[in-house]
There are 2 protein chains.
Amino acid sequence: MLHVPPIHSQSYVGALRPYHSHSLTAEASSALEQVGTDLQKPAKSVVFRQGESADFIYFVQSGALRLDYQIEDGRNLVLDFLWPDRFFGIMETEVYAWSAVTLVDVHLKRFRRNAMLALAQDYPSISTLLLQQKTASLMAAKNHIILMSYPTATSKLIGFLLAYSKQQDYFDPIAQVLTLIMSRKDIADYLGMTFETTSRIFRYLETENYIKKINHRQIQLNIKKLESA
Amino acid sequence: MLHVPPIHSQSYVGALRPYHSHSLTAEASSALEQVGTDLQKPAKSVVFRQGESADFIYFVQSGALRLDYQIEDGRNLVLDFLWPDRFFGIMETEVYAWSAVTLVDVHLKRFRRNAMLALAQDYPSISTLLLQQKTASLMAAKNHIILMSYPTATSKLIGFLLAYSKQQDYFDPIAQVLTLIMSRKDIADYLGMTFETTSRIFRYLETENYIKKINHRQIQLNIKKLESA
DNA sequence: CGAGTATTTGAGCAGCATCAATAAGAGTGG
DNA sequence: CCACTCTTATTGATGCTGCTCAAATACTCG
């Protein structure tokens, strides 16, 4: 059975509590189950591309992805990072407005959009689910905007690290070690800076004892110090 | 019969926008009508404040507003500008995560959140409407992120002017004159820069004949030149 | 008309981008 | 397992953009 936990927040905007604390009814859940198929993708593979026909809606069962928006000037913008329990690809348009790329091996559930939207007409709890998931996307976008509005690259990166450290799959709260599954460039493209700046700020944070690099992808965080910065 | 335009439709000039839509059935429409009340607000008034109990959902019938997010460090961030045909204040949390402030005199429709969400359980078309409106908010946020990612203040401001000039209430396509209903500071707080920079870029755009200032709030745009920049 | 607010403009400096060169790590095949 | 290649990350030097602080001007509203 497909169990969708209530949205939890990694947010600066505020904790996100569902209006009705709820998951799907048993009937809605099994109806959804019948139109969904399991799907596995290796790391660094494309789930869908910007501009492709938006025929499917996806759900992250495990792993992580990033959403890329290709700008006309050639730059790539990372719009969001997706973690387990998130739906994505819920478009109102014919085509996907951005691409979805896996960062690690992922386990997805895939639904035909037509089928899912038809079910939403019959099962109010599916409509509510879709609305909650859209809300989750919107809150993530608002948090992203807030991060990008920070006046310095240092505060942006600190904000990013603190938000990221809420992801229990990649942060060990005992050892305080964060496993970076995305590249310096991905982080830079998310925060609106160059990857050289990202790298330099990591260096600066280490000299000031905010973090300690174990290797390129493993970083020990001094959470308290980062939070008070 | 209720008629709400699809989210990508263009607004028509001057008239009051009904929230009635193709997506709402007659029953859903009249049910909604019974829980909605008309509301007028003068320019520069607060519709709701960040942190207040999120009891109402609003619909813009005419006018324009901005959504403000107050950051702990004292800065104010403009998250979005709202135009006619947009719902706002659809929260999943107990309280509003940002404030809504009118830029000009506005005509709103106000719905009790409890009532509206209860109706959504009975009328699938109301759920669809809410989902569409969330999508509109999300697309606006994504466009905002794209704007903020532009590498220079000049390109951000050009992007803002071009997007804003799609608002037929405030852009005269014959004279090519855009009426700015928000301050330099509002624009700066939306784009993530200082208002001095906003002012300087306006000056620069005028020297390069991208725009011509009629006065502080009326600006003639050379759309073609701006688009090719 | 006067007081308060919004906007413009100036000077100097800090932070980030750019261009460039190394270094570290990951992947592959012998 | 090592040698080779390719990718990712780091570090350096330099210049420009946009921020800060400051002052003057324009506009708004009672």
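Atom set for the values below is all heavy atoms of this structure, side chains included, hydrogens, waters and symmetry mates excluded. Bear in mind that the values here come from a model prediction, so they are computed numbers and not experimental data.
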Sequence neighbours excluded - salt bridge (charged side-chain N to carboxylate O under 4.0 Å, His left out) pairs with any residue from residues 187-197 of chain B:
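Qualifying pairs, neighbours excluded: Lys185(B)-Asp189(B).
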Estimate the overall bend of the helix from dC1(C)-dG30(D) to dG30(C)-dC1(D) from the end axes over five pairs each, rounded to 10 degrees.
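For the helix from dC1(C)-dG30(D) to dG30(C)-dC1(D), the axes at opposite ends meet at about 60°.
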Would the Tyr190(A) and Phe81(A) ring centres measure less than 6.0 Å apart?
yes
Strand contacts (DNA chain D) in residues 208-222 of chain A, 4.0 angstrom heavy-atom criterion
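Close to the strand are Lys213(A), His216(A), Arg217(A).
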Do Ile90(B) and Met116(B) come within less than 4.5 Å of each other through their side chains, counting heavy atoms only?
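No; the side chains remain at least 4.5 Å from each other.
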Please verify the inter-ring angle class for Tyr170(A) with Tyr164(A); under 30° counts as parallel, over 60° as perpendicular, anything in between as tilted.
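The rings of Tyr170(A) and Tyr164(A) sit tilted, inter-plane angle from 30° to 60°.
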Using the six-membered ring wherever Trp is involved, compare the ring planes of Phe87(A) and Phe59(A) and label them parallel, tilted or perpendicular (cut-offs 30° and 60°).
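Phe87(A) vs Phe59(A) ring planes: tilted.
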Could you tell me the separation between the [atom1] atom of [X] and the [atom2] atom of [N], rounded to a whole number of Å?
X         : N       : atom1 : atom2 : result
Leu205(B) : dT8(C)  : CG    : P     : 12 Å
Phe202(A) : dT8(D)  : CZ    : P     : 16 Å
Tyr204(A) : dA14(C) : OH    : P     : 15 Å

What does [X] touch in the nucleic acid at a heavy-atom separation under 4.0 angstrom: a base, only the sugar-phosphate, or nothing?
X         : value
Arg200(A) : base
Ser199(B) : base
Thr198(B) : nothing

Mind checking the NZ-CZ spacing from Lys213(B) to Phe202(B)? Nearest 0.5 Å is all I need.
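The NZ atom of Lys213(B) sits 8.0 Å away from the CZ atom of Phe202(B).
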Report yes or no: is the cationic atom of Lys225(A) (NZ for Lys, CZ for Arg) under 6.0 Å from the centre of the six-membered ring of Tyr210(A), at an angle within 45° of the ring normal?
yes
What's the closest nucleotide to the Arg184(A) side chain, out of dA17(C), dT10(D), dC19(D)?
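In terms of side-chain proximity for Arg184(A), the closest of dA17(C), dT10(D), dC19(D) is dT10(D).
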OP1 or OP2 of dT8(D) versus the side-chain N and O atoms of Ser183(A): is any pair under 4.0 Å?
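False: Ser183(A) side-chain N/O out of range (4.0 Å or more) of dT8(D) OP1/OP2.
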